[in-house]
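On a predicted model such as this, the values are computed, not experimentally measured, just so you know.
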Amino acid sequence: MITAEQSEKLRAWFAERLPVDVYESLVSVTVDREEITVVGKVPASESVKEFRERTREQRMEVAREAEELYRRKVAWGVRSGEETVLFTHLAVPVMTRLRQSERQVLDTLVAGGVARSRADALAWCVRLVGDNADAWLTELRDSLDKVRQVRAQGPDLQKSGSE
């Protein structure tokens with residue numbers, strides 16, 4: 001996870017490099033360990049499909065530079081009205097160990113036709129938590145930023161340990 005300051009610098013980096021006519025406005029730049037996702041508002045006069053075709057070369061050029069610099073894949077998306085459409089983006093496998101009661105939750109979702117597999121059921125659960133706990137997750141991320149700031153203001157332990 002990156003700090004709010006790093007996130008803002010990343011957003012500024014993309015805003016500086018994207019040609020003026022790519023997005024009407026930059027909506028968000030989201031990052032994790034594997035991927036940077038850039039979403040902007042599509043011009044009202046253009047469909048998502050038209051936008052994707054028209055801007056492909058420009059976006060690919062910026063993505064190549066960002067991938068080399070940040071060592072992460074770049075995914076693109078657009079906001080059109082209330083709908084957000086993501087173009088090619090990563091689906092990263094995640095390994096976890098679950099106890100029987102937790103596996104039963106996943107198996108119930110599979111048996112009920114909510115998910116095709118335990119992996120799909122787990123992804124469904126993560127989306128559900130993300131959708132319903134957004135305010136709490138935002139507060140938690142803000143708290144982590146504050147912890148990083150406080151740590152940075154503390155003593156340099158490596159320096160004092162070597163003297």
Side-chain angles (χ1 to χ4, degrees), residues 1-11 13-15 18 22-23 25-42 46-53 55-151:
M1 210 169 123
I2 66 172
T3 66
E5 181 182 338
Q6 291 168 326
S7 181
E8 198 51 46
K9 284 181 182 178
L10 186 64
R11 180 186 177 90
W13 187 92
F14 276 94
L18 285 170
V22 170
Y23 288 123
S25 63
L26 191 58
V27 175
S28 65
V29 177
T30 308
V31 64
D32 67 9
R33 292 186 293 188
E34 293 84 17
E35 182 177 37
I36 300 168
T37 304
V38 181
V39 177
K41 188 173 180 191
V42 68
E46 198 167 31
S47 73
V48 171
K49 183 178 179 182
E50 291 168 335
F51 172 86
R52 188 175 185 186
E53 291 301 318
T55 63
R56 177 173 277 123
E57 290 302 318
Q58 295 165 306
R59 291 182 291 106
M60 286 174 61
E61 187 176 318
V62 173
R64 276 191 286 274
E65 187 179 350
E67 288 171 3
E68 187 175 316
L69 181 63
Y70 295 109
R71 304 281 185 233
R72 292 172 171 91
K73 286 295 188 185
V74 176
W76 300 93
V78 294
R79 171 121 357 116
S80 179
E82 292 299 311
E83 181 185 22
T84 299
V85 178
L86 294 179
F87 306 150
T88 306
H89 55 283
L90 298 177
V92 178
V94 178
M95 176 72 149
T96 187
R97 296 181 185 277
L98 300 175
R99 303 217 183 277
Q100 185 179 37
S101 62
E102 296 159 336
R103 294 190 310 268
Q104 286 175 335
V105 170
L106 301 180
D107 291 343
T108 300
L109 293 171
V110 172
V114 173
R116 295 176 310 206
S117 65
R118 283 181 172 176
D120 285 344
L122 186 56
W124 183 87
C125 291
V126 170
R127 282 191 302 276
L128 183 67
V129 169
D131 290 347
N132 293 306
D134 193 47
W136 181 81
L137 289 170
T138 299
E139 188 175 339
L140 182 59
R141 288 181 189 110
D142 291 346
S143 295
L144 291 171
D145 280 343
K146 182 65 178 167
V147 168
R148 284 187 196 97
Q149 290 171 6
V150 171
R151 280 186 186 150

Under the side chain to side chain donor-acceptor pair (under 3.5 Å) rule, collect the residues that match up with E46, sequence neighbours excluded. R54

How many angstroms lie between CD1 in I36 and CZ in R71, if you round to the nearest 0.5 Å? 12.0 Å

Taking the inter-plane angle between the rings of F51 and Y23 on a 0 to 90° scale, is it parallel (under 30°), tilted (30 to 60°) or perpendicular (over 60°)? parallel

Could you walk me through whether W13 and E65 pass the side chain to side chain contact (heavy atoms under 4.5 Å, CB included) check? CA-CA 11 Å; W13 187 92; E65 187 179 350; 3.7 Å; yes

Donor-acceptor pair, side chain of E83 and main chain of S80, under 3.5 angstrom: no

So among E53, R59, Q58, which one has a side-chain hydrogen bond (donor to acceptor under 3.5 Å, both in side chains) with T55? R59

Search all heavy atoms of A121 against all heavy atoms of V110 and return the closest pair with its distance. CB-CG2, 4.4 Å

Heavy-atom closest contact (V29 atom, S7 atom, distance): O-OG, 4.2 Å

E139 atom CD: more than 12 heavy-atom contacts under 6.0 Å: no

Atom CD of E5 and atom NZ of K9: how far apart are they, to the nearest 0.5 Å? 4.5 Å

Between atom CZ of R72 and atom CG of D32, what is the distance when rounded to the nearest 0.5 Å? 7.5 Å

Taking all non-hydrogen atoms of both residues, which atom of R11 and which atom of S28 are closest, and how far apart? NH1-CA, 3.5 Å

Does the side chain of V48 come within less than 4.5 Å of F87's, by heavy atoms? yes

Taking every non-hydrogen atom, the tightest pair across L106 and L122: CD2-N, 3.6 Å

Contact between D120 and W124 at the side-chain level, heavy atoms closer than 4.5 Å - yes or no? no

To the nearest 0.5 Å, atom NZ of K73 lies from atom OG1 of T88 at 11.0 Å

Spatial distance of atom CD (E67) from atom CE (M60) [nearest 0.5 Å]: 9.5 Å

Taking atom CD as the centre, does E61 end up with more than 12 heavy-atom neighbours from other residues, nucleotides or ligands that are less than 6.0 angstrom away? no

Residues passing the side chain to side chain donor-acceptor pair (under 3.5 Å) test with R103, sequence neighbours excluded, are none

Output for pair (Q149 CD, L144 CG), nearest 0.5 Å, gives 11.5 Å

Side chains of V39 and L86, heavy atoms from C-beta outward: is any pair under 4.5 Å? yes

As a quick check of understanding, evaluate side chain to side chain contact (heavy atoms under 4.5 Å, CB included) for V74 and V62, giving each step before the final call. CA-CA 9 Å; V74 176; V62 173; over 6 Å; no

